[in-house]
> 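Handing you this structure, nothing more for now.
Numbers here are sequence positions counted from 1.
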Amino acid sequence: MSKLIFGCGYLGARVGRLWRASGEQVYAVTRKIEWAREFERAGYLPIVADVTRPESLARLPAVDTVLFAVGFDRTSGATLEQVYVAGLQAVLDALSSDTKKLVYVSSTGVYGQQSGEVVDEDSPCEPDRAGGRASLAAERLLANHALGTRSIVLRMAGLYGPGRIPNADAIRRDEPLAVPVEGYLNLIHVEDAAQVVVLAAEKALPPKTYIVSDNHPVVRGEYYRELARLLKAPEPRFVAADRDSPVAQRASTSKRVSSDRLLRELELSFLYPDYRAGLAAIFRDDRDASASAV
């Protein structure tokens, strides 16, 4: 059994480790030679290729499962559509027809609801931001491709985890936060997201779409107050965000996404069932690491 990962980054690398730990052969695609060397040292079979350059995908190995978890690198010079939509098209065209399953990592950004309503996989998708529109276009492209009937779409909520807790340093420094206080955040710890990918590849019956969230939406202000408490920092102070800033645009939507289908069909138990448990574990591990280094 072999796996092929496009996007072996914050999420994809963790999926790769889980697959390798279970004895799978894992290929990892990267655009950069230096990353290929890192992957090889970590036990992967690296492939130097770029989803925005179809000619570089000409000799992909035949594998049973493909993970497409490509993130958007603003330094690459490519557009969202070139990476998410045309990039996926190039990969689909290059894959072997014998591919048994493709797991596509999408985003809950495909939903544009603004009133805090509960949304599930059957709710209307009317994204109002570029990333959500590109993710939805990619989903539709996949649905109309021959591999669509063998695909699992995972609409990920906001990933957080070690090294990815926005505004933690600002809260430690007691700096005012230029973030909205209202509206809901939908989150998933990266380790739980990785185990969802592995379970979906193993157990889900395609074609299928799942929302991937810890099922505990939290109001933004409440989230930052809990973060300050865990950091033993003062109560956070908020200032108005620039209307055109990415954070303000993200906050223009407010919905509570439901992962009931995921939990029911994959019989999943989260390692970190809500953001409080996830954040507490991260800071506990940080303190333990600091203590052991002394």
Side-chain angles (χ1 to χ4, degrees), residues 1-73 75-76 78 82-107 135 138-139 141-142 145-154 156 159 161 190-204 206-208 210 212:
M1 303 287 281
S2 54
K3 316 295 184 188
L4 172 60
I5 299 176
F6 290 88
C8 201
Y10 193 66
L11 172 61
R14 286 171 167 82
V15 175
R17 286 198 290 270
L18 291 174
W19 275 335
R20 289 197 64 250
S22 65
E24 304 281 9
Q25 183 181 58
V26 181
Y27 295 89
V29 176
T30 177
R31 293 181 293 120
K32 299 184 178 181
I33 293 289
E34 58 270 28
W35 290 357
R37 296 190 184 105
E38 293 281 342
F39 289 155
E40 189 170 25
R41 283 192 287 270
Y44 298 99
L45 299 170
I47 298 171
V48 179
D50 185 338
V51 300
T52 65
R53 294 175 49 241
E55 70 279 6
S56 70
L57 304 170
R59 293 182 176 85
L60 295 179
V63 298
D64 65 285
T65 303
V66 175
L67 170 63
F68 191 96
V70 175
F72 181 59
D73 180 1
T75 68
S76 70
Q82 287 172 328
V83 175
Y84 288 171
V85 185
L88 178 60
Q89 179 71 70
V91 168
L92 293 172
D93 290 345
L95 288 175
S96 166
S97 60
D98 294 330
T99 303
K100 292 182 176 60
K101 188 173 286 188
L102 185 145
V103 180
Y104 175 72
V105 175
S106 184
S107 165
S135 294
E139 286 189 22
L141 167 69
L142 179 57
H145 191 275
L147 273 174
T149 58
R150 285 171 269 165
S151 296
I152 306 296
V153 173
L154 301 178
M156 291 283 174
L159 287 175
V190 66
E191 298 292 350
D192 281 320
Q195 72 159 333
V196 167
V197 173
V198 171
L199 273 175
E202 177 186 346
K203 297 176 62 175
K208 185 72 74 170
Y210 292 110
V212 184

> Applying salt bridge (Lys or Arg N to Asp or Glu O under 4.0 Å), can you list everything that pairs with Arg20, at least two apart in sequence or on another chain?
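For Arg20 there are no salt bridge (Lys or Arg N to Asp or Glu O under 4.0 Å) partners, ignoring immediate neighbours.
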> Distance from Leu159 atom CG to Glu191 atom CD, nearest 0.5 Å?
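One gets 11.0 Å once the value is rounded to the nearest 0.5 Å.
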> Between Gly12 and Ile5, what is the shortest heavy-atom contact and its length?
O-CD1, 3.7 Å
> I'd like to know if Asp64 pairs up with Lys3 as an ion pair, taking the criterion as any Lys NZ or Arg NE/NH1/NH2 lying under 4.0 Å from an Asp or Glu carboxylate oxygen.
yes
> Going through the checks in order, is the side chain to side chain contact (heavy atoms under 4.5 Å, CB included) test met by Val153 and Leu142?
CA-CA 9 Å; Val153 173; Leu142 179 57; 4.1 Å; yes
> Take Val105 and Phe68, measure what side chain to side chain contact (heavy atoms under 4.5 Å, CB included) needs, and give me the verdict at the end.
CA-CA 6 Å; Val105 175; Phe68 191 96; over 6 Å; no
> Rounded to the nearest 0.5 Å, what separation is found between the CZ atom of Phe39 and the CG atom of Leu45?
12.0 Å
> Determine, stepwise, if the pair Val103 / Val66 fulfils side chain to side chain contact (heavy atoms under 4.5 Å, CB included).
CA-CA 6 Å; Val103 180; Val66 175; over 6 Å; no
> Could you go through the side chain to side chain contact (heavy atoms under 4.5 Å, CB included) check for Tyr104 and Leu154 one step at a time?
CA-CA 6 Å; Tyr104 175 72; Leu154 301 178; over 6 Å; no
> Output yes when a side-chain donor or acceptor of Thr99 lies under 3.5 Å from a complementary backbone atom of Leu95, and no otherwise.
no
> Looking only at heavy atoms, which two atoms of Ala36 and Thr30 are closest? And how far apart?
N-CG2, 3.6 Å
> Starting at CG of Leu102, measure out to CZ of Phe6 and round the result to the nearest 0.5 Å.
9.0 Å
> Does any part of the side chain of Gln89, heavy atoms only, come nearer than 4.5 Å to the side chain of Leu141, both counted from C-beta?
yes
> Does CZ in Arg41 sit with more than 12 non-hydrogen atoms of other residues, nucleotides or ligands closer than 6.0 Å?
yes
> Arg150 and Pro206: which non-hydrogen atoms are nearest, and at how many Å?
C-CB, 3.5 Å
> To the nearest 0.5 angstrom, please state how far the CD atom of Gln25 sits from the CG atom of Leu4.
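Here the interatomic distance stands at 10.5 Å.
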> According to the salt bridge (Lys or Arg N to Asp or Glu O under 4.0 Å) rule, which pairs have a member within residues 86-100, sequence neighbours left out?
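Not a single pair qualifies under salt bridge (Lys or Arg N to Asp or Glu O under 4.0 Å).
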> Whether the side chain of Tyr44 engages the backbone of Ala13 through a donor-acceptor N/O pair (distance < 3.5 Å, no angle test) should be reported.
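Yes; at least one donor-acceptor contact below 3.5 Å.
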> Atom CD1 in Ile152, atom OG in Ser106: separation rounded to 0.5 Å?
13.5 Å
> So, taking the atom named CD1 in Ile47 and the one named SG in Cys8, what distance separates them when rounded to the nearest 0.5 Å?
11.0 Å
> Are Met156 and Ser107 side-chain neighbours, meaning at least one heavy-atom pair lies under 4.5 Å?
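Not touching, per the 4.5 Å side-chain cut-off.
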> Would you call Lys32-Glu34 a salt bridge at under 4.0 Å N-O?
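No, this pair does not count.
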> Whether the side chain of Arg53 engages the backbone of Ala49 through a donor-acceptor N/O pair (distance < 3.5 Å, no angle test) should be reported.
no
> With a 3.5 Å distance limit and no angle check, can you tell me whether Lys101 reaches the backbone of Ala201 through a side-chain donor-acceptor pair?
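Here the side-chain-to-backbone pair exists.
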> Of the non-hydrogen atoms in Tyr27 and Ser2, which two are nearest, and what is the gap between them?
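Minimum heavy-atom separation between Tyr27 and Ser2: CE1-CB, 4.3 Å.
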> Report yes or no: does Ser56 contribute a side-chain atom to a donor-acceptor pair with the main-chain N or O of Asp50 at less than 3.5 Å?
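Yes, Ser56 side chain to Asp50 backbone: donor-acceptor pair under 3.5 Å.
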> Which pair of heavy atoms, one from Gly71 and one from Val83, lies closest together, and at what distance?
O-CG1, 4.0 Å
> Side chains of Thr52 and Gln82: do they bring a donor and an acceptor to under 3.5 Å?
no
> Taking all atoms of both residues into account, what is the closest heavy-atom pair of Ala138 and Tyr84, and its distance?
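For Ala138 versus Tyr84, the nearest heavy atoms are CB-O, 3.4 Å.
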